[in-house]
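As a basis for the values below, the full set of heavy atoms in this structure was taken, side chains included, without hydrogen atoms, waters or symmetry mates. The sequence lines fix the lettering, A, B, ..., with proteins before strands; numbering per chain opens at 1.
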Number of protein chains: 2
Amino acid sequence: MTSATPLPAETLSITEVAERTGLSPDTLRYYEKAGLISPVGRSTSGRRRYAAADMNWIDFLLRLRDTGMSIADMQRFAELRRGGAATTADRLAMLREHRVRLHRRIHGLQVSGRALDDKIDHYERLLEDT
Amino acid sequence: MTSATPLPAETLSITEVAERTGLSPDTLRYYEKAGLISPVGRSTSGRRRYAAADMNWIDFLLRLRDTGMSIADMQRFAELRRGGAATTADRLAMLREHRVRLHRRIHGLQVSGRALDDKIDHYERLLEDT
DNA sequence: GTTTGCGGTGGAGTGCACTCCAACTCCTAC
DNA sequence: GTAGGAGTTGGAGTGCACTCCACCGCAAAC
């Protein structure tokens with residue numbers, strides 16, 4: 001008899017979140033302390049319980065991180081987010097700037113990738129000429 | 001009367017190399033100390049004089065760095081290079097592995113870039129609905 | 001009722017890649 | 001001859017993003 005789930009609904013423990021995100025529990029606590037993640041719900045015994053909304057936000061944070069955004073900039077973005085709808089335009093501006101930097105970075109990597117290809121070709125030719 | 005250039009030929013001072021590469025003089029010395037750059041020629045008064053071959057190597061090092069290779073791996077590559085022709089196959093292997101990692105990284109950035117695009121679209125729609 | 005295990009906190013420590021500094025040495029120009 | 005400027009060395013310091021640690025609390029398992 002699965003009764004209607006009570007209030008806690010579907011929440012995850014810190015180690016479960018760690019497993020799903022690849023972050024360590026220490027890093028999750030560090031991010032929260034740093035204000036990247038707003039204080040997450042607690043169980044009666046004071047343990048963190050991550051809800052779906054927390055997970056979505058963490059996933060997005062990781063996109064920002066993986067595309068090279070610094071902790072300082074993520075803090076700024078998270079703070080804007082806590083400021084609510086009034087900050088939408090500012091957040092959009094941040095994301096657009098970040099996208100520009102990202103595209104520049106991808107382009108730079110592709111250019112360097114071709115230089116790397118050339119170097120590899122060079123070495124392959126050296127090895128062919130036994 | 002520009003007489004035939006003597007032995008030093010076309011060499012650059014450390015600040016000139018810094019300007020051309022974007023590295024600081026401190027970083028150039030640090031790289032040399034770390035073995036990334038093999039001891040560069042010196043003037044009679046003990047000052048570094050970078051030759052064309054040094055510049056080519058530094059340019060390539062920067063490609064490796066900019067594509068995410070760690071100092072430790074660049075040290076390994078530089079050491080192989082000092083080992084001469086016998087290490088060609090090893091160096092080729094390193095570069096191929098590095099290229100695989102680079103392509104994975106570029107791909108990951110492109111995927112995250114699309115997620116970023118979606119988020120930007122989302123914010124744009126929020127702002128349109130005045 | 002105590003061992004086991006997960007989680008909490010504050011704060012110290014780590015690894016990487018630089019970056020800065022003090023003290024000294026050379027030229028070059030005045 | 002001395003002041004200025006560029007460069008030398010060894011070693012200390014910095015900023016970032018974690019990562020580790022000691023010590024404590026709670027709850028289920030035995």
Side-chain angles (χ1 to χ4, degrees), chain A residues 6 8 11-51 54-55 58 60-79 98 101 105 112, chain B residues 6 8 11-51 54-55 58 60-79 98 101 105 112:
Chain A
T11 63
L12 298 174
S13 73
I14 197 165
T15 38
E16 285 166 337
V17 176
E19 278 158 13
R20 275 164 183 65
T21 60
L23 294 172
S24 70
D26 270 321
T27 301
L28 282 165
R29 285 187 281 257
Y30 162 66
Y31 278 8
E32 191 174 328
K33 219 188 292 188
L36 299 189
I37 301 170
S38 24
V40 75
R42 301 301 181 107
S43 74
T44 52
S45 59
R47 294 174 175 208
R48 290 172 179 79
R49 304 265 52 185
Y50 294 82
D54 297 319
M55 296 308 293
I58 292 171
F60 182 61
L61 258 192
L62 289 185
R63 291 283 183 199
L64 294 181
R65 186 193 69 164
D66 293 346
T67 49
M69 189 179 282
S70 67
I71 297 264
D73 280 356
M74 292 193 289
Q75 281 171 334
R76 296 207 315 114
F77 192 87
E79 190 164 351
H98 185 60
R101 281 193 299 273
R105 183 129 150 286
S112 290
Chain B
T11 64
L12 299 173
S13 73
I14 197 165
T15 38
E16 286 166 338
V17 176
E19 278 158 14
R20 276 165 184 65
T21 60
L23 294 172
S24 71
D26 270 319
T27 301
L28 282 165
R29 285 188 281 256
Y30 162 66
Y31 278 8
E32 191 174 329
K33 219 188 290 187
L36 300 189
I37 302 170
S38 25
V40 74
R42 301 300 182 108
S43 73
T44 52
S45 58
R47 297 176 174 205
R48 289 172 179 79
R49 304 266 51 186
Y50 294 81
D54 297 318
M55 295 308 292
I58 292 171
F60 182 61
L61 258 191
L62 290 186
R63 292 282 185 199
L64 294 181
R65 186 192 71 163
D66 293 346
T67 49
M69 189 178 282
S70 67
I71 297 263
D73 281 356
M74 291 193 291
Q75 281 171 334
R76 295 207 315 113
F77 192 87
E79 190 165 349
H98 185 61
R101 281 192 298 273
R105 183 131 150 286
S112 290

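- Between the CG atom of B/L64 and the P atom of C/dA17 there is a distance of 13 Å, rounded to whole Å.
- In this entry the distance linking CE of B/M74 with C1' of C/dC16 reads 11 Å, nearest Å.
- For the pair B/S112 and A/R63, the tightest heavy-atom approach, listed with the atom from each and the gap, is OG-NH1, 3.2 Å.
- Note: B/T11 OG1 to B/R47 CZ = 12.5 Å, rounded to the nearest 0.5 Å.
- Taking 4.0 angstrom as the limit, A/S13 places none of its side-chain polar atoms (N or O) nearer than this to OP1 or OP2 of C/dC6.
- Considering only the side chain of A/S24, D/dT19 comes nearest among D/dG7, C/dC18, D/dT19.
- Atom CD of A/E79 sits in a sparse spot, with 12 or fewer heavy atoms from other residues, nucleotides or ligands closer than 6.0 Å.
- Of all nucleotides listed (C/dG7, D/dT19, C/dA17), C/dG7 comes nearest to the side chain of A/I14.
- The nearest whole Å value for the distance from the OH atom in A/Y50 to the P atom in C/dG7 is 10 Å.
- OP1 or OP2 of C/dT9 has at least one side-chain nitrogen or oxygen of A/R42 nearer than 4.0 Å.
- When the nucleotides C/dC21, D/dA6, D/dC18 are ranked by their closest atom to the side chain of A/Y31, D/dC18 comes out on top.
- Put simply, CG on B/D26 is 8 Å from P on C/dT19, counting in whole angstrom units.
- With D/dT19, C/dG10, D/dG7 as the choices, the nucleotide that has an atom nearest any side-chain atom of A/K33 turns out to be C/dG10.
- Distance from the side chain of B/S70 is smallest for C/dA17 among the nucleotides D/dC26, C/dA17, C/dT19.
- With a 6.0 Å radius and a threshold of 12 heavy atoms from other residues, nucleotides or ligands, A/Q75 has its CD atom above the threshold.
- Atom pair B/D73:CG and C/dA17:C1' shows a separation of 14 Å (rounding to whole Å applied).
- The side chain of B/R65 contributes an N or O atom lying less than 4.0 Å from OP1 or OP2 of C/dC18.
- The side chain of B/T15 contributes an N or O atom lying less than 4.0 Å from OP1 or OP2 of D/dG7.
- Rounded to an integer number of Å, the gap from A/I71 CD1 to D/dA17 P is 5 Å.
- Atom P of nucleotide C/dA17 and atom CG of B/L28 are separated by 16 Å, given to the nearest angstrom.
- In this model, the phosphate group of C/dG8 is not approached by any side-chain N or O of A/S45 to a distance below 4.0 Å at OP1 or OP2.
- Mapping A/R47 and A/L23 onto DNA chain D by nearest heavy atom places A/L23 at the nucleotide closer to the 5' end.
- Side chain of B/T27, nearest nucleotide from D/dA17, D/dG7, C/dT19: C/dT19.
- Using a 4.5 Å cut-off on side-chain heavy atoms (C-beta onward), A/Y31 and A/I58 make no contact.
- For B/R48 and D/dT9, the shortest distance from a side-chain N or O to OP1 or OP2 is below 4.0 Å.
- Across C/dT19, D/dA27, D/dC18, the shortest atom-to-atom separation from the side chain of A/T44 is found for D/dA27.
- Proximity of B/R29 to the phosphate of C/dC20: no side-chain N or O atom is located under 4.0 Å from OP1 or OP2.
- With hydrogens and angles left out, the side-chain atoms of B/S43 and B/R49 include no donor and acceptor closer than 3.5 Å.
- Atom-to-atom, OH of A/Y30 to C1' of D/dC21 comes out at 18 Å; the value is rounded to the nearest Å.
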